[in-house]
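One structure is given here, and the rest of the page talks about it.
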Amino acid sequence: MNNILEIRTGVEIKENLCVESPSEPCAFVIFGASGDLTRRKLIPALFSLYGREMLPRGFYVLGCARSPFSDDSFRRSVAGVLEKRFPEASAADLSGFLSLFFYHSGNYQDQGWYDRLPDRLERLDAVYPTGGNRIYYLATPPALYATVVEGLGRAGLIRRTDEERPAARVVVEKPLGLDLASFLAFDSSITRYLSESQIYRIDHYLGKETVQNILMLRFANQIFEPVWNRQFVDHVQITVAETLGVEHRAGYYDQAGALRDMFQNHMFQLLALVAMEPPIAFDANCYRAEKVKLLQAVQGFSAEDPGPRVVRGQYTAGTIDGRDVPGYRQEEGIPAGSGTETFVAMKIMLDNWRWHGVPFYLRSGKMLRRKVSEIAVYFKAIPHSIFAPIEPEQLEPNVLVLKIQPEEGVSLTVEAKRPGPRLCITTLTLDYRYCDIYGVHSPDAYERLLLDAMAGDQTLFVQYEGAKLAWDILTPILSAWSAGTGTGTLQFYQAGSWGPAEADALLARDGRRWRMP
Ligand code: NDP
């Protein structure tokens, strides 16, 4: 990594300290090249990097899928994506970028197809000097991940090694299994051909600017760390709320549900970042080891009874932003009697010195009132009020809110004197919004993560142990739900609300309530 000191003039930003990992020349091979993820995320992210001259010099994309594209027709389909997303892009940029795209059509079940792949790649490598480095991006249905890895392995394109050169890295999208057993089975099938240093498990939340900023805020400042513990923090709320339903992913979602879709990855990653100990260094080993230690401290749930610490809900018809929306069971592609949860709230306790006794309340759901992702750290009430007759409990506790999306920034509430001759206390919010300071929307998380994969930097990718621990924690809940044991009965909530009443009761039992972002 290079340390670059960049001096800028300006009012707010005097200087920037940047840590950069240079990306290496590589072939970027996309399995699932005709799919939704490629269109919506990978192509736009690569184009943005191209526009900012951040792609390596030796670079090309080889798209793989069944759709019978030629190189030319694949480029036309990529061009269609870009024209919609980047209408302002210049013709020169478009044609330069498209010239890097190639296509290899075939069925992932056909070993003969993989056997022809090395020849195709070698011919392209001869034109685009990649040094033989390759990134294989698995954007296929998850059931095919192991098939593709096996096909690549049998064709000699990947082999289990910790040697860095030439690089053969595989990027895997979520979901990583459906429970602990299927995750372990999947992992053992791919580790026949790949070592841990070659597997890049992507959780795009980790590439978000605001999520990375949690680390900066905690570990690049002195003032937070001394109060970041059970002595000063009352509780923490983590919310990831969506206003959308299942959209075009009904088949996937109805099998997965909110617990698998959001908690196994994004929610637990946010929990780990906000609660983990300071890593010795921001590198893959130190940073990920601290996240693992944090997940090891999560108090387990019992398969017999995951309640009352877990609430699961499903939306019914309602109104969001003035539009009428159907209930989950009326959505296209969802079975009429589906028991899949679209909302989960849970209370997590951590068995370690720093957080003993401090609840972490997590909630995530679809068709909620507002789209918002944030972490709110509630500090304890002051121990004594010198402003009698005002009691300590009458003063609002300080709340530090780390805003992840769509608003990006940080806010802190403080009690302050309201101007005037009487002694009146009011709550002020110190608010810092990225868009006010930097004036632009943050780059898409995929840009950062693709660059890191090209640089061989696994820091922002999920490691085996972390993914396994998340399943360790969640599998008893899933088992209890499917067996119908315990108190995890499905609760219904109206679309456009903040979730089922039982989610409110989860906090009310502790004398607390959810923040209304
Ligand atoms: P799609 O169904 O849109 O795309 C699947 C791709 O796989 C298509 O390109 C399809 O191509 C190809 N494919 C399927 N079967 C075969 C086969 N037997 N042989 C060759 N190609 C095949 O899926 P998404 O793009 O939505 O998702 C891809 C992965 O990314 C999934 O694991 C998903 O969970 C994950 N993901 C997706 C997100 C999203 O927003 N879409 C977000 C986060 C994760 P063709 O039909 O041409 O063969």
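These values consider heavy atoms only, across backbone and side chains, with no hydrogens, waters or symmetry-generated copies. Note that ligands are numbered from 1 as they come in the structure, with each ligand's atoms numbered from 1 the same way.
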Exercise. So does Arg288 pair up with Asp283, basic N to acidic O under 4.0 Å?
Worked result: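 No, no charged N to carboxylate O under 4.0 Å.
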Exercise. Hey, are Arg370 and Glu374 close enough for a salt bridge, meaning a charged N less than 4.0 Å from a carboxylate O?
Worked result: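 Salt bridge absent between Arg370 and Glu374.
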Flag for [Y]-[X]: side-chain donor and acceptor within less than 3.5 Å:
| X | Y | answer |
| --- | --- | --- |
| Tyr253 | Glu247 | no |
| Ser497 | Tyr315 | no |
| Asp115 | Gln111 | yes |
| Lys41 | His204 | no |
| Asn213 | Tyr434 | yes |
| Ser182 | Asp179 | yes |
| Asp452 | Tyr200 | no |

For this session: Please say whether the positively charged group of Arg169, taken as NZ for Lys or CZ for Arg, lies over the ring of Tyr136, i.e. under 6.0 angstrom from the six-membered ring centre and within 45 degrees of the axis.
Result: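 Because its charged atom misses either the 6.0 Å distance or the 45° angle limit, Arg169 does not stack over Tyr136.
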Tell me: protein heavy atom nearest [atom], and distance?
| atom | result |
| --- | --- |
| atom 31 (C) of ligand 1 | Thr140 O, 3.2 Å |
| atom 26 (O) of ligand 1 | Asp36 CB, 3.5 Å |
| atom 6 (C) of ligand 1 | Gly32 CA, 3.5 Å |
| atom 24 (P) of ligand 1 | Leu37 N, 3.9 Å |
| atom 22 (C) of ligand 1 | Tyr108 CE1, 3.3 Å |
| atom 47 (O) of ligand 1 | Ser67 OG, 2.4 Å |
| atom 28 (C) of ligand 1 | Ala139 O, 3.1 Å |
| atom 32 (O) of ligand 1 | Tyr145 OH, 2.6 Å |

Problem set entry | Nearest candidate to atom 34 (O) of ligand 1, where distance is taken over non-hydrogen atoms, out of Lys174, Arg40, Glu247, Glu173 |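 Selected option, by shortest heavy-atom distance: Lys174.
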For this session: Measure from atom 18 (N) of ligand 1 to every heavy atom in Ile202, Asn107, Asp110 and give the option owning the shortest one.
Result: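 Ranked by closest heavy atom to atom 18 (N) of ligand 1, first place is Asn107.
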May I ask you to list the atoms of ligand 1 that are less than 4.0 angstrom from any heavy atom of [X]?
| X | answer |
| --- | --- |
| Ala33 | 9 (O) |
| Gly106 | 19 (N), 20 (C) |
| Ser34 | 8 (C), 9 (O), 10 (C), 11 (O), 45 (P), 47 (O) |
| Leu144 | 14 (C), 15 (N), 16 (C), 17 (C), 18 (N) |
| Pro175 | 34 (O) |
| Pro141 | 5 (C), 7 (O), 14 (C) |

Is there a polar contact, in the sense of an N or O pair closer than 3.5 Å, between [X] and ligand 1?
| X | result |
| --- | --- |
| Gln109 | no |
| Arg66 | yes |
| His248 | no |
| Gly35 | yes |
| Arg249 | yes |
| Leu138 | no |

For this session: Please verify whether a non-hydrogen atom of Cys64 lies at under 4.0 Å from ligand 1.
Result: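 Contact absent.
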Problem set entry | side-chain hydrogen bond (donor to acceptor under 3.5 Å, both in side chains) between Arg363 and Thr239, worked out | CA-CA 5 Å; Arg363 66 175 164 173; Thr239 299; 2.9 Å; yes
For this session: Please list all pairs passing the salt bridge (charged side-chain N to carboxylate O under 4.0 Å, His left out) test where one or both residues lie in residues 190-218, with sequence neighbours left out.
Result: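 Only Asp187-Arg201, Glu196-Arg201, Arg218-Glu225 qualify under salt bridge (charged side-chain N to carboxylate O under 4.0 Å, His left out).
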Exercise. Do the ring planes of Phe101 and Phe74 sit parallel (below 30°), tilted (30 to 60°) or perpendicular (above 60°)?
Worked result: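 Answer is tilted, since the angle falls between 30° and 60°.
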For this session: Please check atom 2 (O) of ligand 1 for a protein heavy-atom neighbour under 4.0 Å.
Result: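 Not a single protein heavy atom is under 4.0 Å away.
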Exercise. Are the aromatic rings of Phe59 and Phe97 close, with centres under 6.0 Å apart?
Worked result: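 Phe59 vs Phe97: aromatic centres not under 6.0 Å.
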For this session: Between Phe31 and ligand 1, find which residue part has any heavy-atom pair under 4.0 Å and reply side chain, backbone, both or neither.
Result: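 Under 4.0 Å from ligand 1, Phe31 contributes no heavy atoms.
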Problem set entry | side-chain hydrogen bond (donor to acceptor under 3.5 Å, both in side chains) evaluation trace for Ser70 with Ser73 | CA-CA 5 Å; Ser70 61; Ser73 59; 3.2 Å; yes
